[in-house]
Amino acid sequence: MNPLLSAEQAVLGSVLLDPGQLAHLDWLAPDHFYRPIHQALFAALRKLRTEGHPAVAATDPVPLSWVTDAVDEASNHVRGLSAVYPHILISACPRPEHAPVYGRMVLEGAIHRTVTEHAIRLHQAARADALQGEVEGALHHADVLAGALGDLARRWGSEPRPVAPATPPPTAPVAPPPVRADQVAEDEQFLLAVLVERPKAMDEVVGWLRPGDFADPAHGHLYRCLGALHHRGEPIDRITVLWEAQRRGLLADGTLTTEQVTAICDGVGPGSAEWLGEQIMRSSVARTAAASARAIRALAETESLAPGRLISHALHALGPLDEVRARWQTANGHPAPAPPPAALAEGPPTARVHAALARSTPPAARPSECPGPASTASAARPPSRTHG
């Protein structure tokens with residue numbers, strides 16, 4: 001059986017066996033469960049406790065009404081719940097007193113699932129923006145994902161800070177949609193031609209357009225040649241650009257050809273470098289957002305990755321998009337907005353978060369490991385998850 005499904009059944013079984021375990025699970029929400037039937041049952045059990053069901057204050061044995069009332073209440077919100085299923089849940093619980101640990105497993109699965117869902121939405125928005133030549137949808141969903149990561153970090157009891165993974169997750173390259181690929185390539189070639197014909201136009205784009213913003217790597221290398229000539233104050237024309245490309249080994253390794261450089265440099269027409277640069281930036285924002293989304297989804301689908309590391313690595317994967325966004329805002333004359341104030345988590349108090357991370361029966365601390373006053377809160381966390 002799937003370990004996550006076993007954990008969900010064990011949590012519910014422990015509460016059915018011992019209603020008092022709900023007092024240790026206030027940080028766990030119904031939507032943290034994957035199966036709808038489990039969501040409905042956990043919500044029903046919490047509701048019965050809030051309404052003061054007699055079983056909450058009862059001593060052993062737990063009255064049968066605790067189970068039957070929970071089934072009746074949950075059945076109002078979900079179909080397919082039989083009277084037999086609670087007994088399956090009870091048999092799936094090895095020890096009711098381990099409920100906080102089982103709940104922590106459920107929360108861990110919910111974190112992976114939530115990050116995956118947000119990454120999919122970001123990727124879909126980025127692809128849609130790429131088709132339409134827009135950026136607003138991708139940037140909005142990136143903000144939503146960043147906010148969700150911060151909230152999940154607080155719920156898990158870790159600091160939301162970006163950390164690069166030791167081994168980047170494998171992701172396939174993200175290309176522009178076929179409908180827009182030709183237009184993007186045409187804009188890039190046109191911009192390069194304008195910059196060769198009117199070198200002073202480099203001043204309009206050099207502050208915010210980077211070689212990596214070009215979808216075609218060859219175009220990015222050629223823009224780098226133009227930038228080098230501009231930085232050194234040397235003349236820019238077809239011959240000097242070709243010479244710079246040769247000095248950088250771009251002709252020898254086949255990155256560029258003489259014919260390709262000549263065709264771009266001689267294909268000039270009237271055009272605005274700034275406007276063309278903004279079109280390239282739009283493509284770059286959407287492409288970078290899609291790449292970040294795919295990297296984050298790959299991280300979230302790595303089951304062996306602890307939630308703390310998942311959140312940190314996901315925030316790191318959003319870094320390239322933040323950098324491109326800042327330059328996009330500069331290109332449009334909008335200063336980068338100030339970071340929003342840290343939102344107060346609507347979830348559990350800190351003490352309950354640490355209860356979720358604690359072992360059901362914490363080992364006694366060795367004398368050398370006894371925490372001082374400043375580290376009392378962190379002592380509740382299991383040693384194996386110090387860097388998770």
Side-chain angles (χ1 to χ4, degrees), residues 112-153 160-165 168-185 187-188 205 208-217 219-220 223 276-302 310-340:
H112 277 259
R113 191 166 59 251
T114 300
V115 175
T116 299
E117 292 170 353
H118 281 288
I120 291 174
R121 294 191 189 105
L122 173 58
H123 186 262
Q124 292 172 338
R127 299 293 284 180
D129 278 356
L131 285 168
Q132 300 167 7
E134 301 294 340
V135 300
E136 287 75 13
L139 295 180
H140 167 72
H141 283 279
D143 289 337
V144 173
L145 173 55
L149 291 172
D151 179 67
L152 291 173
R161 55 189 181 89
V163 176
T171 56
V174 181
V179 176
R180 288 277 303 170
D182 292 342
Q183 182 62 53
V184 170
D187 288 341
E188 293 179 358
V205 298
W208 42 267
L209 188 64
R210 299 289 182 268
D213 294 323
F214 289 76
D216 188 331
H219 294 163
Y223 178 72
L276 289 166
E278 289 179 5
Q279 303 312 303
I280 294 171
M281 282 297 301
R282 288 176 183 270
S283 173
S284 178
V285 170
R287 192 169 59 254
T288 305
S292 295
R294 290 172 68 87
I296 292 172
R297 182 176 180 181
L299 289 167
E301 292 177 347
T302 304
L310 167 59
I311 294 168
S312 297
H313 296 341
L315 288 170
H316 180 269
L318 284 175
L321 179 57
D322 293 335
E323 190 270 337
V324 174
R325 181 213 294 255
R327 291 189 288 105
W328 161 252
Q329 292 169 336
T330 300
N332 285 271
H334 301 302

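Keep in mind that what you see is a predicted model, and the values were worked out from it rather than measured.
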Q. At what distance, to the nearest 0.5 angstrom, does CD1 of Ile120 lie from CG of Leu145?
A. 11.5 Å
Q) How about Leu149 and Leu310: do any of their side-chain heavy atoms sit closer than 4.5 Å? A) no
(Q) As an exercise, state the distance from CZ of Arg161 to CD1 of Ile311, rounded to the nearest 0.5 Å. (A) 11.5 Å
Q: Determine the minimum heavy-atom distance between Ala126 and Ala138, stating which atoms define it.
A: CA-CB, 3.9 Å
**Q.** Test item: Leu318 and Pro162 side chains (from C-beta on) under 4.5 Å apart, heavy atoms
**A.** no
Q: Carefully, step by step, assess Gln329 and Trp208 under the rule side-chain contact (heavy atoms from CB on, under 4.5 Å).
A: CA-CA 9 Å; Gln329 292 169 336; Trp208 42 267; over 6 Å; no
Q: Work out which heavy atom in Ala317 is nearest to a heavy atom in Ser292; give both atom names and the distance.
A: O-OG, 2.9 Å
Q) For the atom pair OG (Ser284) and CD (Glu278), what is the distance rounded to the nearest 0.5 Å? A) 13.5 Å
(Q) Over 60° means perpendicular and under 30° means parallel, so tell me whether Tyr223 and Phe214 are parallel, tilted or perpendicular. (A) tilted
Q: Compare all side-chain heavy atoms of Val163 with those of His316 and state whether any distance is below 4.5 angstrom.
A: no
Q) Just wondering, do Met281 and Val324 contact through their side chains at under 4.5 Å, heavy atoms? A) yes
Q. Is Arg297 salt-bridged to Glu301, cutoff N-O under 4.0 Å?
A. yes
Q. What residues, two or more places apart in sequence or in another chain, satisfy side chain to side chain donor-acceptor pair (under 3.5 Å) together with Arg327?
A. Asp213, Glu323
Q | His313: side chain to side chain donor-acceptor pair (under 3.5 Å) partners, not counting sequence neighbours | A | none
**Q.** Check ion pair Arg287-Asp129 (N to O, under 4.0 angstrom)
**A.** no
**Q.** Ser283 side-chain N/O to Gln279 backbone N/O, donor-acceptor pair under 3.5 Å
**A.** no
(Q) Leu139 vs Arg325, test: side-chain contact (heavy atoms from CB on, under 4.5 Å). Steps then yes/no. (A) CA-CA 8 Å; Leu139 295 180; Arg325 181 213 294 255; 3.9 Å; yes
**Q.** Under 3.5 Å donor-acceptor, Asp151 side chain and Gly147 backbone
**A.** no
Q. Arg127 versus Gln124: any side-chain heavy-atom pair under 4.5 Å?
A. no
Q.
I'd like to know if the side chain of His112 reaches the main chain of Ala300, judged simply by a donor and an acceptor atom lying under 3.5 Å from each other, with no hydrogens or angles considered.
A. yes
Q) Hey, is the main chain of Leu321 close enough, under 3.5 Å, to the side chain of Thr288 for a donor-acceptor pair? A) no
(Q) One pair to check against side-chain contact (heavy atoms from CB on, under 4.5 Å): His118 and His141. What are the steps and the verdict? (A) CA-CA 8 Å; His118 281 288; His141 283 279; over 6 Å; no
Q. So do Val115 and Ile296 actually touch side chain to side chain, heavy atoms under 4.5 Å?
A. yes
